Every structure is written in structure tokens, then in C-alpha cells.
Enquirer: 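One structure coming up, written as C-alpha cells, with questions to follow.
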Amino acid sequence: MKALARFLVVVMALTAPSAFAASLYSAPRYAAILIDNDTGEVLYARRADEIRYPASITKVMTLYVAFEELAAGRLSLDDDIRISRRAFNQAPSKLGLRVGATISVRDAFGVIATKSANDISVALAEHISGSEAAFAERMTQTARRLGMMNTSFHNASGLPHPDHTTTARDIAILSRAMLRDFPAHYPVFSQTHYRYRGMAVANHNHLLSTMPGVDGIKTGFTNAAGFTLAASAVRDNRRLVAVVLGGPSRMGRDGNVQDLLNIGFDVLGARQRGEYLTVAARFAEPDDLPDAVMETLGGEDVALDGTADRPARAVQTVDVNSAISALGDQGLSAPTLAGVGGGGRSTPRR
């Protein structure tokens with residue numbers, strides 16, 4: 001039976017499309033966390049405390065600090081923000097206003113949350129603190145106050161900086177703080193489009209329009225960070241917060257967040273019916289498979305390595321379901337491999 005399983009695995013590795021190779025679990029930068037927003041319970045975590053680049057999820061903190069200024073009366077939605085030379089020179093994604101042009105604080109919030117405009121983020125930072133560097137220091141101080149102990153901000157946009165880092169857990173803390181402290185302003189993250197001077201500025205968070213219940217909060221992408229997303233969703237009066245960092249593709253990232261949220265809500269529903277389930281039990285991760293399957297998949301024909309602290313071995317496509325069935329292991333239900341099928345190419349966007 002084991003010889004048959006090995007033969008089937010090798011055949012599938014040579015003939016099937018490379019779905020499993022695109023699994024987020026094999027991506028060295030991948031990190032994720034899922035939290036019950038009402039109770040604070042961590043329902044799922046994988047590499048949640050490992051240092052990662054946040055990319056444009058950074059702008060959640062940029063807006064959090066701005067909302068603090070609004071609450072303190074030092075900032076008004078009708079204030080005009082002037083575009084400096086430094087803001088104008090920011091890399092895309094950006095709105096593209098010329099040097100000396102102005103934009104209202106209200107519009108700045110809208111295009112930062114949807115288009116993830118780097119130029120407007122810098123202009124807002126300069127308007128509040130005088131310089132982006134001073135604003136970034138305040139961002140880090142605010143992070144510490146919120147309990148984000150492994151985060152350091154060095155700009156207002158999330159553009160690459162070697163020390164501009166965070167963790168999935170810290171981003172979840174920030175997301176929950178935004179929901180808790182500024183519920184009146186949180187809907188800025190819920191808009192699929194923002195109307196700016198007659199233009200419909202699209203939100204990069206596609207889950208807002210594809211997954212019922214998702215109402216925020218922020219996407220991100222840089223080459224260093226990969227595809228990042230913090231998302232929150234409500235179902236049956238329960239709210240979950242999911243964070244995925246280091247996704248190899250937009251579709252893979254979005255699919256993984258969707259899986260986490262759906263399974264999380266299913267687990268909460270099962271618990272209400274008196275069943276105790278865990279989110280992790282619904283995923284079959286590489287190191288969660290039975291020993292017999294791991295031996296089959298880990299032989300010289302097929303190598304499987306999802307670790308983050310050393311280079312992965314060459315990964316070929318493996319149909320894990322078929323391998324399990326061939327081994328006759330009836331004690332494991334058909335697994336869900338988060339991210340499978342989401343490895344297609346995507347235009348880098350924030």
C-alpha cells in the first residue's frame with residue numbers, strides 16, 4: 001500500500017498543476033493570526049510573532065494617529081493639507097497632486113484608506129507633526145501604548161525601510177484598537193470606492209465586494225513584504241479580525257484570509273452548539289499530517305518544507321488528499337489547504 005501511495009504521489013507531482021507549491025504555508029514570509037474581536041481569544045496563529053514588513057497596512061496607524069488629532073480638536077475634516085515636494089516624490093501608489101496643491105483632511109482619509117495613496121499619507125503626516133520623521137516617531141510611541149511591542153514605524157506609508165517592521169499579532173492589536181477607539185471613523189475602511197473630485201477611487205481590498213460580512217480594513221504590497229492584509233468581518237453579531245502577512249500573491253492572500261474568517265465563524269457557531277472545535281483542526285498544514293503521509297511526501301521523490309528560518313527544499317506538486325486516501329488513513333478528514341489555487345500572477349498593487 002505504501003509503495004502504491006509513493007507511486008501515486010510521484011505521478012501527481014509530475015502531472016498536476018503547481019497548486020500546493022503555491023500554498024501560503026510554504027512561503028517563508030507567511031504569518032497569520034485570527035482573533036475573536038469580542039473576547040480577544042486567539043483562534044489561530046502561525047508565525048504570528050515573527051518580524052515582518054507591514055507594507056501599506058502601516059496606513060492604519062497613520063489614520064489612527066490622525067483620528068486622535070480629530071478627537072483632540074487639533075485637526076478638522078475641512079482643514080486643507082498642502083502637498084510638499086517630499087510628498088509629491090513618493091513612489092506609487094499615489095494620487096499624484098502637484099506640489100503646492102491642497103486636499104482636505106476628509107478627502108485625504110478617503111484616498112488613503114482606498115487607493116492607499118503614499119503621497120497623501122506623507123502630506124498628512126507633515127501637516128500633523130511638521131515632518132514625516134516626527135510623525136513616524138509618534139506612530140511608534142502610539143504602537144507601544146497600544147501594546148504593539150514588536151513594531152517600529154519609520155514612515156507614514158509603509159514603503160520599504162529596513163527597520164519598518166511589525167508582526168501579525170501587532171497588526172491585529174492595531175486593527176482591534178481602531179475598531180474599539182474610533183468606531184465612527186472605521187467606516188472609511190469599508191468603502192469599495194471613494195468619490196474624489198468626480199473620480200471613483202477603488203479600494204484595493206477586494207474582499208469588501210466578494211465576501212459578505214467583511215467591512216475593512218487594509219491591504220498592502222511591497223516586494224519585501226509580499227501581499228499583506230488585515231481584514232475584519234461580522235457574522236451573527238460576532239466580529240473576527242484576521243491578519244495575513246507575506247502572501248506570495250493577492251489571490252492567495254485573499255483566499256487565505258477568507259478561509260480563516262469562514263472557518264473561524266464556523267468554529268464559533270459550533271461552540272454555541274456545545275461542540276468544541278479549533279480553527280487549526282480545520283486546516284491540514286504540512287507539519288500536521290500523519291507520520292505515514294509525511295514519510296511518503298518527504299522521500300527523495302517529493303520534498304516538502306514549510307519552515308521560515310531556513311531555505312525551503314525544492315517543492316513539487318502533491319495532492320495530499322490522494323496520498324492520505326492511498327495510505328488508507330480514515331482518521332483524518334479531507335483537509336483544506338489555505339491558499340491553494342491562489343497562486344496566479346497578480347499585478348503588484350497596494
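The structure presented is a predicted model; accordingly, all values stated were derived computationally and were not measured.
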Enquirer: Are Tyr53 and His164 an aromatic pair, judged by ring center distance below 6.0 Å?
Expert: no

Enquirer: Would you say Ile263 and Val234 are hydrophobically clustered, going by side-chain heavy atoms of ILVMFWY under 4.5 Å?
Expert: no

Enquirer: Looking only at non-hydrogen atoms, find the nearest pair between Leu75 and Leu70 and report the distance.
Expert: O-CD2, 3.1 Å

Enquirer: Check the pair Thr142 / Arg138 against side-chain contact (heavy atoms from CB on, under 4.5 Å), numbers first and verdict last.
Expert: CA-CA 6 Å; Thr142 303; Arg138 177 169 172 182; 4.0 Å; yes

Enquirer: With the 4.5 Å side-chain cut-off for hydrophobic clustering, are Tyr186 and Val65 part of the same group?
Expert: yes

Enquirer: Please report the C-alpha distance between Thr167 and Glu50 in whole Å, then the side-chain angles of each, then the deciding distance to 0.1 Å, and finally whether the side-chain contact (heavy atoms from CB on, under 4.5 Å) criterion is met.
Expert: CA-CA 6 Å; Thr167 66; Glu50 295 189 13; over 6 Å; no

Enquirer: With respect to Ile103, which candidate in Asp80, Asp119, Asp79, Leu95 satisfies the side-chain contact (heavy atoms from CB on, under 4.5 Å) definition?
Expert: Leu95

Enquirer: Quiz question: by atom type and distance under 3.5 Å, do the side chains of Ser56 and Lys218 form a donor-acceptor pair?
Expert: no

Enquirer: Going by atom types only, do Asn118 and Lys59 share a side-chain donor-acceptor pair under 3.5 Å?
Expert: yes

Enquirer: On a heavy-atom basis, which atom in Leu260 and which in Ala32 lie closest, and how many Å separate them?
Expert: CD1-CB, 4.2 Å

Enquirer: Give the ring-plane orientation class for Phe67 versus His185, where under 30° counts as parallel, over 60° as perpendicular and anything between as tilted.
Expert: parallel

Enquirer: Considering non-hydrogen atoms only, spot the tightest contact between Ile35 and Ala172 and give its length.
Expert: CD1-CB, 3.7 Å

Enquirer: Got a sec, which residues hit salt bridge (charged side-chain N to carboxylate O under 4.0 Å, His left out) with Glu126, two or more places apart in sequence or on another chain?
Expert: none

Enquirer: Which residues satisfy the salt bridge (charged side-chain N to carboxylate O under 4.0 Å, His left out) test with Asp215, sequence neighbours excluded?
Expert: Arg239

Enquirer: A quick test of your reading: do over 12 heavy atoms of other residues, nucleotides or ligands sit less than 6.0 Å from CZ of Arg98?
Expert: no

Enquirer: Consider only side-chain heavy atoms of I, L, V, M, F, W and Y, link residues closer than 4.5 Å, and tell whether Leu229 and Leu240 are in one cluster.
Expert: yes

Enquirer: Look only at the side chain of Asn203 and the backbone of Asn205, and say whether a donor-acceptor pair between them is shorter than 3.5 Å.
Expert: yes

Enquirer: What closest approach, in Å, do Thr62 and Ala156 show between heavy atoms, and which atom pair accounts for it?
Expert: OG1-O, 2.7 Å

Enquirer: For a side-chain contact (heavy atoms from CB on, under 4.5 Å) check, start with the C-alpha distance between Ile51 and Asn150, then their side-chain angles and the critical distance, and finish with the verdict.
Expert: CA-CA 8 Å; Ile51 298 299; Asn150 295 301; 4.2 Å; yes

Enquirer: How far apart are the C-alpha atoms of Thr219 and Arg253, what are their side-chain angles, what is the distance that settles it, and do they pass the side-chain contact (heavy atoms from CB on, under 4.5 Å) test?
Expert: CA-CA 10 Å; Thr219 65; Arg253 173 202 65 188; 3.9 Å; yes

Enquirer: Not counting sequence neighbours, which residues clear salt bridge (charged side-chain N to carboxylate O under 4.0 Å, His left out) with Arg271? List them please.
Expert: Glu41

Enquirer: So does Tyr64 get a backbone contact from the side chain of Glu68, meaning a donor-acceptor N/O pair under 3.5 Å?
Expert: no

Enquirer: Assigning hydrophobic clusters by single linkage (Ile, Leu, Val, Met, Phe, Trp, Tyr; side-chain heavy-atom cutoff under 4.5 Å), is Phe109 placed with Phe189?
Expert: yes

Enquirer: Sub-3.5 Å donor-acceptor pair from the side chain of Thr58 to the main-chain atoms of Pro54, do we have one?
Expert: no

Enquirer: Are side-chain N/O atoms of Asn262 and Arg235 paired as donor and acceptor at under 3.5 Å?
Expert: yes

Enquirer: Taking side chain to side chain donor-acceptor pair (under 3.5 Å) as the cut-off, I'd like each qualifying pair that reaches into residues 187-200, sequence neighbours left out, listed once.
Expert: Asp107-Tyr194

Enquirer: Which pairs, with at least one residue in residues 152-170 and sequence neighbours excluded, count as a salt bridge (charged side-chain N to carboxylate O under 4.0 Å, His left out)?
Expert: Asp49-Arg169

Enquirer: Determine whether a donor-acceptor pair (N or O, by modelled atom type, separation under 3.5 Å) exists between the side chain of Thr222 and the backbone of Leu159.
Expert: no

Enquirer: Would you say that more than 12 heavy atoms from the other residues, nucleotides or ligands in this model lie under 6.0 Å from the CZ of Arg145, or not?
Expert: yes

Enquirer: Who passes ring-ring contact (aromatic ring centres under 6.0 Å, His included) against His127, sequence neighbours left out?
Expert: none

Enquirer: Any link between Met199 and Ile81 through a network of hydrophobic side chains (Ile, Leu, Val, Met, Phe, Trp, Tyr) touching at under 4.5 Å?
Expert: yes

